[in-house]
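Comments concern the structure below.
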Amino acid sequence: MQIIYKEYNLELKYPFTIAKFSRTSTPLVLLQIHYQGFTGLGEASMVPYMGESFSSAKAFLKKVDLSSFTYPFKMDEINAYLDDLEIGQPAIKAAIDIALHDLTGKISQKPCYELFGSSPDRMPLTTFTIGIDTPEIIIKKVNDALADDFKLLKIKLGRDTDKLLIETIRSVTNLPLYVDANQGWIDKNQGLEMAHWLANQGVLLIEQPMPKEDIDGNAWLTERSPIPTVGDEAVQRLADVAKAKGVYHGINIKLMKSAGMFEASKMIEEANKHQLKILIGCMSETSVATLAGAALAPLCDWADLDGPFLTSNNPFQTPLFKNGKYILENSHGLGVRQF
């Protein structure tokens, strides 16, 4: 089994600003695993706040030796092996996991979604994310979303301009909204007041309203909020899911947090056990990681998988998308289309 990888800088169409930072690009590792004449594709999207980088990814990959693993791949053992090599580094671990699932689908001649019992007919609508910006740019972003056939928007909040941002969007569209405060709300009473105001604006859920460390504040707000709350920064991997019960109504699973598709599927099972709603989200990603997330999306309640639409140099074809949903094809593996 041979791993080949390259560094890639994924450029954003607009500067991406949230409550705590802004950026214009995202460093990626695009990865291939070659095995018995088949090639699996993987991707690590290393957003800066997660602490991974080109250098950390390369250092980790130098430690990886998959020669003892053969098809059919035992993903639980591989997942444990990668975690034993080094704590953290979930994005580069996700790249390996995604490539192995793509390989599995190609060798078994099945689409990846079938490996998880996921039905394309149950694909949820996905959102188009709009970062914090000036009213003029916000309107341009909304028009981009409408042109690309999105039926839902996700709005980044967490600053003192939150209401102006929502009002700007409402001046041009009545599409339903999700919002993500990215831990930007500090006072729970003001957060509750904002939640009621947002409910009247057609907002359907709130991601990570208060700092992840403020467990009591988030639980207090969740108990009283007219809109479901979703833990994001507070829910990284499988061990965090049970802790979210009673603190949030649901969780946000991202493959770059969960170290890939295998653990994400286990997080979905665990969330269902605890009657937590599930949003499957993404970082800034190409079609590779997006289609990996889309393979699991029908098992979730909500989806936020808009990476290829927010970037300007996706090296793969944009996945099939119609009426606000990804169309999962009956092709082997992830179904990534090359140019």
Side-chain angles (χ1 to χ4, degrees), residues 7-30 43-54 56-57 91 126-150 152-173 175 177-186 198 203 206-209 211 232-233 252 254-257 279 281-290 293 303-316 318-319 321:
E7 300 175 1
Y8 191 79
N9 207 46
L10 191 63
E11 301 291 339
L12 302 174
K13 289 182 180 177
Y14 299 95
F16 188 66
T17 302
I18 64 173
K20 297 180 183 294
F21 62 83
S22 182
R23 58 190 165 86
T24 58
S25 64
T26 305
L28 306 183
V29 169
L30 299 177
E43 172 183 351
S45 174
M46 300 174 296
V47 293
Y49 77 88
M50 292 290 289
E52 292 182 72
S53 64
F54 290 140
S56 70
T126 197
T127 57
F128 183 100
T129 303
I130 296 178
I132 298 168
D133 221 313
T134 64
E136 293 77 17
I137 298 299
I138 292 294
I139 290 171
K140 283 185 179 180
K141 292 177 180 178
V142 172
N143 288 332
D144 285 351
L146 297 175
D148 285 327
D149 208 20
F150 281 82
L152 277 172
L153 303 178
K154 188 173 97 166
I155 317 304
K156 294 290 189 177
L157 301 181
R159 294 187 178 179
D160 56 8
T161 55
D162 286 355
K163 287 189 176 181
L164 173 62
L165 203 160
I166 297 294
E167 287 167 349
T168 299
I169 289 166
R170 281 288 170 250
S171 72
V172 290
T173 183
L175 285 181
L177 308 177
Y178 299 169
V179 301
D180 184 358
N182 283 116
Q183 309 182 79
W185 298 352
I186 304 302
L198 290 169
V203 172
I206 307 170
E207 273 187 71
Q208 201 60 60
D232 181 5
E233 286 86 350
N252 183 343
K254 294 176 181 171
L255 302 189
M256 298 301 136
K257 296 189 301 180
L279 168 65
C282 66
M283 304 299 188
S284 305
E285 297 170 357
T286 77
S287 300
V288 173
T290 299
D304 171 33
L305 300 170
D306 53 0
F309 293 93
L310 303 181
T311 55
S312 60
N313 62 337
N314 178 12
F316 308 96
T318 300
F321 189 82

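Atom set for the values below is all heavy atoms of this structure, side chains included, hydrogens, waters and symmetry mates excluded.
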With a 4.5 Å limit on heavy-atom distance, are the side chains of [X] and [Y] in contact?
X: I139; Y: I169; result: no
X: V29; Y: Y8; result: no
X: L152; Y: L177; result: no

Looking at R159, K140, K156, K141, which hits salt bridge (charged side-chain N to carboxylate O under 4.0 Å, His left out) with D133?
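Running salt bridge (charged side-chain N to carboxylate O under 4.0 Å, His left out) over R159, K140, K156, K141 with D133 returns exactly one hit, K141.
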Residues forming a salt bridge (Lys or Arg N to Asp or Glu O under 4.0 Å) with E207, sequence neighbours excluded:
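Residues passing salt bridge (Lys or Arg N to Asp or Glu O under 4.0 Å) with E207: K154.
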Rounded to the nearest 0.5 Å, what separation is found between the [atom1] atom of [X] and the [atom2] atom of [Y]?
X: S284; Y: L28; atom1: OG; atom2: CG; value: 8.0 Å
X: L310; Y: I130; atom1: CG; atom2: CD1; value: 9.5 Å
X: L175; Y: L146; atom1: CG; atom2: CG; value: 5.5 Å
X: N252; Y: C282; atom1: CG; atom2: SG; value: 9.0 Å
X: T311; Y: D306; atom1: OG1; atom2: CG; value: 9.5 Å
X: L157; Y: I132; atom1: CG; atom2: CD1; value: 7.0 Å

Identify, with sequence neighbours excluded, every residue that meets side-chain contact (heavy atoms from CB on, under 4.5 Å) alongside P135.
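Expected list: T168.
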If you look at every heavy atom in [X] and [Y], which pair is closest and at what distance?
X: P27; Y: F54; answer: CB-CZ, 3.6 Å
X: P48; Y: R23; answer: CD-CD, 3.8 Å
X: A289; Y: L255; answer: O-CD1, 4.1 Å
X: P308; Y: T290; answer: CD-OG1, 3.1 Å
X: T26; Y: S45; answer: CG2-OG, 3.5 Å
X: P209; Y: A181; answer: O-CB, 3.7 Å

CA sep, side-chain torsions, deciding dist, call: I155, I138, side chain to side chain contact (heavy atoms under 4.5 Å, CB included):
CA-CA 10 Å; I155 317 304; I138 292 294; over 6 Å; no
Polar side-chain atom of [X] near backbone of [Y] as donor-acceptor pair, under 3.5 Å:
X: T127; Y: L153; value: no
X: T161; Y: L164; value: no
X: E52; Y: M46; value: no
X: E285; Y: M283; value: yes
X: N314; Y: F316; value: yes

Would you sort out whether Y178 and I206 count as a side chain to side chain contact (heavy atoms under 4.5 Å, CB included), showing the intermediate values?
CA-CA 6 Å; Y178 299 169; I206 307 170; over 6 Å; no
Show the numbers, then the answer: is there a side chain to side chain contact (heavy atoms under 4.5 Å, CB included) between Y14 and I137?
CA-CA 9 Å; Y14 299 95; I137 298 299; 3.9 Å; yes
Verdict with reasoning, F321 to T126, per side chain to side chain contact (heavy atoms under 4.5 Å, CB included)
CA-CA 10 Å; F321 189 82; T126 197; 3.4 Å; yes
Establish, from distance only, whether the side-chain atoms of R170 and T173 form a donor-acceptor pair under 3.5 Å.
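R170 vs T173: no donor-acceptor pair found between side chains.
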Scan side-chain atoms only and decide if T129 and D304 contain a donor-acceptor pair under the 3.5 Å cut-off.
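Present: a donor and an acceptor within the cut-off.
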Any residue meeting side chain to side chain donor-acceptor pair (under 3.5 Å) with N9, in chain and number order, not counting sequence neighbours:
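Per chain and number, N9 pairs via side chain to side chain donor-acceptor pair (under 3.5 Å) with E11, S25.
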Report the residue from K257, Q183, Q208 that forms a side chain to side chain donor-acceptor pair (under 3.5 Å) with D232.
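Testing D232 for a side chain to side chain donor-acceptor pair (under 3.5 Å) against K257, Q183, Q208 leaves exactly one candidate, K257.
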Classify the angle between the aromatic ring planes of F150 and F128 as parallel (below 30°), tilted (30 to 60°) or perpendicular (above 60°).
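If you compare the ring of F150 with that of F128, the planes turn out perpendicular.
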